Amino acid sequence: MQPYLATLKEARYITGDVKVLSVEINDPVAREAFKYAPGQFAFVSAFGVGESAVTFVSVPHRPGPLEFAIRRVGTVSAALHELDVGATLGVRGPYGNRFPLEDYRGKDILIIGGGIGMAPLRPVINYLLDHHDQYGNLTIINGARSPQDLAFAEEFETWAKAPRTRLELTVDRGDDVWKGRVALVPAVVEELKPSPANCVTITCGPPIMIRFVLQSLKKLGFADSQIVTTLEAKMKCGIGKCARCNVGEKYVCQDGPVFTFDQIATFLEGF
Ligand code: FES
């Protein structure tokens, strides 16, 4: 439960209200021993203010600092946004399960992200691109409210040019500069008509988007077991002790945050 002391190496905005913090654990032995996987999360703390559960956006197999995308929504995230490069912060983790990417080898992968929901999907995308010979076709649908809210724009060119990869960007509202698609994410799913045959879908975004994406995928013949998501929940301990993060009978911190939709069907009845 003790956080590692860490240093903020870099901070950059990737949308108007989302900052990526690049963080290095101070102790070289702990830094070397710290292993995580796409889908897992950590608690990042601003000392004297509090801590937040945040998914990793860094790519575990690529060397470099830990990265966390933090949206400014409350006191802890505001304090983390205000930190200067060189500041000390805390990192506790990693926690939770991961995307079982090795189980998806040989399959087509459909990634559907909305807004900051792209955060846990970014390491998945980059893992798949770095191991593209082990997977089928990769389709990425990335949607946001506005062009400025599209997360990880600096990587779009790389993603779009990768072998057997299709990147579809869409926004709810365009502007004078935007030449791309203006449509809701579920409409794009229905327009592209991905085949459910030998395909896994990984989706993350606002609940309303997930709800309608789910309906669209089901219309296309996807089964709940082919659709994977990662849930957000209020968390305190991260280790299954405080009962703050339950979804039905499951604890998001321990059983998740990664679930297939057939695993959380009960929860979805009220979704
Ligand atoms: S955060 Fe405490 S049980 Fe999940």
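Model, not experiment: these values are computed from the prediction. Atoms within each ligand, like the ligands themselves, are counted from 1 in listed order.
- With ring centers used as reference points, Tyr95 lies under 6.0 Å from Phe43.
- Atoms of ligand 1 lying under 4.0 Å from at least one heavy atom of Gly238, given by number and element, are 1 (S), 2 (Fe).
- Atoms of ligand 1 found under 4.0 Å from any heavy atom of Ala243 (numbered from 1 in listed order, with element): 2 (Fe), 3 (S).
- Aromatic rings from His132 and Tyr127 are positioned such that their centres are separated by 6.0 Å or more.
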Apply salt bridge (Lys or Arg N to Asp or Glu O under 4.0 Å) to the pair Arg164 and Asp108, showing each step before the final yes or no. CA-CA 10 Å; Arg164 290 178 290 111; Asp108 293 336; over 6 Å; no
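- Rounded to 10°, the angle formed at atom 4 (Fe) of ligand 1 by Cys253 SG and Cys245 SG is 100°.
- Within the 4.5 Å cutoff, no side-chain heavy atoms of Glu190 are placed close to those of Val188.
- With ligand atoms numbered from 1 in the order given, ligand 1 contributes 3 (S) to contacts under 4.0 Å with heavy atoms of Gly240.
- In summary, the atoms of ligand 1 found under 4.0 Å from a heavy atom of Cys242, numbered by their order in the structure, are 1 (S), 2 (Fe), 3 (S).
- Proximity to Met235 (heavy-atom distance under 4.0 Å) selects the following atoms of ligand 1: 1 (S).
- Not less than 6.0 angstrom separates the ring centroid of His131 from the ring centroid of Tyr135.
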List the steps, then state whether salt bridge (Lys or Arg N to Asp or Glu O under 4.0 Å) holds for Glu191 with Lys193. CA-CA 6 Å; Glu191 182 193 322; Lys193 294 189 176 42; over 6 Å; no
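- The part of Lys236 lying near ligand 1 is the backbone, judged by heavy-atom distances below 4.0 Å.
- With a 4.0 Å heavy-atom cut-off, ligand 1 is reached by the backbone of Lys241 but not by any atom from C-beta on.
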